[in-house]
> 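Quick one: this structure, given as structure tokens, is what I'll be asking you about.
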Amino acid sequence: MSVFPKDFLWGAATAAYQVEGGFEADGKGASNWDLFSHLPGTTYQGTNGDVAVDHYHRFKEDVALMAELGMQTYRFSISWPRILPQGRGQVNEAGIAFYSNLIDELLKHNIRPMITLYHWDLPQALQEAFGGWESREIVDAFDEYARLCYRRFGDRVDLWSTFNETVVFIGMGYFTGAHPPSLKDPKKGIQACHHVFLANARAVKSFRELGINGQIGFVNVMQPHDPISDSPQDRRACEIAEGIFTHWLYDPVLKGEYPAELLAMAQQAFGVPQFAPGDEALLKDNIVDFIGLNYYKREMVAHNEDVEGYAINTSGQKGSGRELGFKGLFKLVRNPNGVYTDWDWEIYPQGLTDAIGRIVKRYGNIPTYITENGLGAKDPIVEGEVRDQPRIDYLRDHIQAIGAAIEQGADVRGYYPWSFIDLLSWLNGYQKQYGFVYVDHANNLARRKKQSFGWYQRVIASNGERL
Ligand code: BGP
């Protein structure tokens with residue numbers, strides 16, 4: 001018998017900027033990514049989401065493929081500037097119509113939508129008006145946007161999440177500079193991150209005030225950290241890394257407060273986050289209904305006296321990246337016994353069981369969805385077929401890891417592999433493929449089912465028994 005509950009949801013995920021294209025279609029406003037990706041040297045070989053995989057124009061064909069795959073749920077994001085071109089105020093009805101039609105098409109095929117409100121594409125107008133996430137004004141703006149979405153789509157959508165992976169858009173936006181707005185300013189970054197937590201809390205409050213029939217959650221990267229050795233220094237370094245990358249991001253939305261030790265460290269070093277009257281209560285009173293975990297890899301951590309900064313492998317040439325270090329705190333190091341992808345991400349399914357266990361231990365047995373998980377690879381085409389056996393192996397092992405967590409009692413309710421279809425990888429172009437569906441960029445973006453498509457079809461049909 002399957003270890004997965006009968007009502008377990010099998011799906012897949014995407015995000016607006018990575019699939020839609022239509023970047024100027026029908027009144028859409030510019031996003032921060034529209035600008036950033038057009039700047040020289042920001043992305044792999046200058047790739048951008050102007051056309052992406054043209055889901056904006058081909059969503060019916062794509063939903064038909066989702067139905068054929070047997071998907072019971074689909075996680076996608078709304079492009080804020082598509083429906084509010086200036087970020088606030090005037091609504092773009094054509095943008096609303098696109099998402100409304102997409103939702104109807106999904107429901108027609110019995111596919112339950114899960115909406116992400118913010119998957120990184122900020123209206124550029126808000127970046128220019130007040131610096132985007134740096135300003136408290138963003139909290140009101142985000143709440144207005146969220147309310148608009150609830151009002152227009154809340155009659156048909158009952159699974160929502162506010163944000164996707166704060167650690168990435170804040171970390172890369174304000175600490176490493178690899179994402180817009182390309183700053184290296186920890187003080188601004190920590191305060192911007194605080195505004196994200198406030199915006200989340202306000203949007204959760206509005207969701208409940210409007211009486212939307214459903215659940216609202218928050219999606220985070222789940223990257224468990226393990227010390228490279230048993231030495232007290234490495235274990236302490238690991239504790240700090242786990243504190244910054246995990247507890248800092250999860251505590252405010254699941255406990256309504258920051259981890260105390262780190263909060264004191266940040267306020268001493270940078271004078272932030274600055275709280276305004278009411279912030280604490282807002283966070284405390286608006287805990288999310290569920291947590292979404294995006295799991296790809298774990299990280300090994302070591303004590304660090306020398307390494308500062310990092311280099312990302314965006315080419316898929318193994319070993320071309322250099323791991324992240326914060327001098328005096330910790331560095332991420334390679335596991336000598338680890339198996340790595342071409343983009344230097346460790347493949348470690350056990351980490352997913354561990355990660356879920358760590359969440360349960362710290363926050364209790366909260367409803368959990370695995371909102372992303374997948375293998376980025378250059379898939380070979382052999383005799384006309386896209387043979388992605390490594391992806392099948394990766395997903396199988398991770399599904400088993402989720403099964404193990406469920407057997408240990410965790411309340412995991414659904415699984416959304418990344419990604420339904422091959423799409424734009426933010427910094428890595430189109431050659432880092434994740435999908436069950438291949439997109440032929442040399443042939444008018446024609447869709448083609450991969451080997452993994454038939455495999456995942458059987459997994460879903462057997463509720464996770466036939467792996
Ligand atoms: C997550 C993002 C996704 C997706 C995925 C794969 O961080 O939420 O949008 O891109 O990672 O990452 P990458 O495209 O860098 O391989």
Side-chain angles (χ1 to χ4, degrees), residues 9-19 71-80 83 99 102-103 106 111-122 133 138-139 142-143 145-154 156-170 193 195-210 212-222 246 249-256 283 286-296 355-356 359 363 366-374 411-420:
L9 291 175
W10 298 94
T14 68
Y17 185 71
Q18 300 178 271
V19 288
M71 277 166 57
Q72 299 158 345
T73 181
Y74 172 48
R75 172 177 183 251
F76 63 96
S77 77
I78 293 182
S79 159
W80 183 349
I83 65 172
Y99 294 109
L102 171 62
I103 291 165
L106 290 166
I111 300 171
R112 198 163 153 194
M114 177 191 267
I115 286 180
T116 311
L117 287 172
Y118 190 81
H119 203 126
W120 310 349
D121 44 352
L122 179 75
W133 293 105
I138 196 77
V139 179
F142 183 75
D143 188 41
Y145 160 60
R147 281 174 174 261
L148 174 67
C149 294
Y150 301 153
R151 288 206 181 91
R152 299 301 188 94
F153 312 128
R156 289 160 288 163
V157 178
D158 65 356
L159 286 171
W160 295 77
S161 53
T162 50
F163 288 91
N164 180 71
E165 298 191 349
T166 311
V167 73
V168 177
F169 73 90
I170 294 294
C193 191
H195 299 150
V196 173
F197 297 139
L198 297 176
N200 168 68
R202 280 279 297 282
V204 169
K205 187 163 182 257
S206 293
F207 187 80
R208 292 174 183 152
E209 276 172 8
L210 291 178
I212 305 300
N213 176 25
Q215 290 199 309
I216 186 142
F218 195 97
V219 173
N220 265 328
V221 176
M222 175 34 86
T246 306
L249 286 310
Y250 285 74
D251 284 16
V253 301
L254 292 176
K255 293 165 79 168
L283 295 180
N286 296 287
I287 304 295
V288 290
D289 297 322
F290 70 85
I291 193 74
L293 305 181
N294 292 353
Y295 179 85
Y296 291 89
I356 297 168
I359 292 288
Y363 307 106
I366 47 160
T368 301
Y369 293 87
I370 307 306
T371 34
E372 288 181 29
N373 172 236
D411 185 8
V412 187
R413 300 185 176 187
Y415 180 57
Y416 298 81
W418 184 267
S419 49
F420 161 65

> Using a 4.5 Å cut-off on heavy atoms from C-beta on, say whether the side chain of Asn164 contacts that of Arg75.
yes
> When you look at Asn286 and Phe207, which way does the side chain to side chain contact (heavy atoms under 4.5 Å, CB included) test go after all the steps?
CA-CA 10 Å; Asn286 296 287; Phe207 187 80; over 6 Å; no
> Taking all non-hydrogen atoms of both residues, which atom of Arg112 and which atom of Asp158 are closest, and how far apart?
NE-OD1, 3.1 Å
> Any heavy-atom pair between the side chains of Ile115 and Ile103 that's under 4.5 Å?
yes
> Rounded to the nearest 0.5 Å, how far does OG1 of Thr368 lie from CG of Asp411?
6.5 Å
> Could you check whether atom NZ of Lys205 has more than 12 heavy atoms from other residues, nucleotides or ligands sitting under 6.0 Å from it?
no
> Can a donor-acceptor pair be found, under 3.5 Å and without considering hydrogens, that links the side chain of Tyr295 to the backbone of Ile356?
no
> For this output row, return yes or no: ring centroids of Phe169 and Tyr118 closer than 6.0 angstrom.
yes
> Do Tyr17 and Ser77 make a side-chain contact, defined as non-hydrogen atoms from C-beta onward lying under 4.5 Å apart?
no
> Of all heavy-atom pairs between Ala16 and Ile78, which one has the smallest distance, and what is that distance?
CB-C, 4.3 Å
> Taking atom CG of Leu283 and atom NZ of Lys255, what is their separation to the nearest 0.5 Å?
13.5 Å
> For a quick test of reading the model, state the closest non-hydrogen atom pair linking Ile216 to Tyr150 and the distance between them.
CD1-OH, 3.3 Å
> Are Phe290 and Arg413 close enough, and set up right, to give a side chain to side chain contact (heavy atoms under 4.5 Å, CB included), and what steps lead you there?
CA-CA 10 Å; Phe290 70 85; Arg413 300 185 176 187; over 6 Å; no
> Measure the spacing between OH of Tyr369 and CG of Leu159 and express it to the nearest 0.5 Å.
5.0 Å
> Are Cys149 and Val157 close enough that some pair of their side-chain heavy atoms sits under 4.5 Å apart?
no
> For Met114, is there any backbone N or O sitting under 3.5 Å from a side-chain donor or acceptor partner on Thr116?
no
> Which residues pass the side chain to side chain donor-acceptor pair (under 3.5 Å) test with Asp251, not counting sequence neighbours?
Arg362, Tyr363
> Locate the shortest heavy-atom distance separating Asn373 from Ile370; write the atom from each residue and the value.
CB-CG2, 4.1 Å
> Measuring only between side-chain heavy atoms, which start at C-beta, is Asp289 closer than 4.5 Å to Trp160?
no
> Quick check: closest heavy atoms across Ala199 and Trp133, and the distance to 0.1 Å?
CB-CZ3, 4.0 Å
> Is any side-chain heavy atom of Leu254 closer than 4.5 Å to one of Phe218?
no
> Can you tell me how far the CG atom of Leu198 sits from the CZ atom of Phe142, to the nearest 0.5 Å?
12.0 Å
> So do Leu249 and Ile170 actually touch side chain to side chain, heavy atoms under 4.5 Å?
no
> Nearest 0.5 Å, what's the OH-OG1 distance between Tyr250 and Thr166?
10.0 Å
> Taking the side chain from Tyr145 and the backbone from Leu117, do they hold a donor-acceptor pair closer than 3.5 Å?
yes
> The criterion is side chain to side chain donor-acceptor pair (under 3.5 Å); which residues satisfy it with Tyr296, sequence neighbours excluded?
Glu372
> So which of Val204, Ile212, Leu210 actually passes side-chain contact (heavy atoms from CB on, under 4.5 Å) with Arg208?
Val204
> Would a 4.5 Å heavy-atom cut-off, applied to side chains only, mark Val253 and Phe197 as touching?
yes
> If every non-hydrogen atom of Tyr99 is compared with every non-hydrogen atom of Ser79, which pair is closest and at what distance?
OH-N, 2.9 Å
> Rounded to the nearest 0.5 Å, how far does CZ of Phe163 lie from CG of Asn200?
6.5 Å
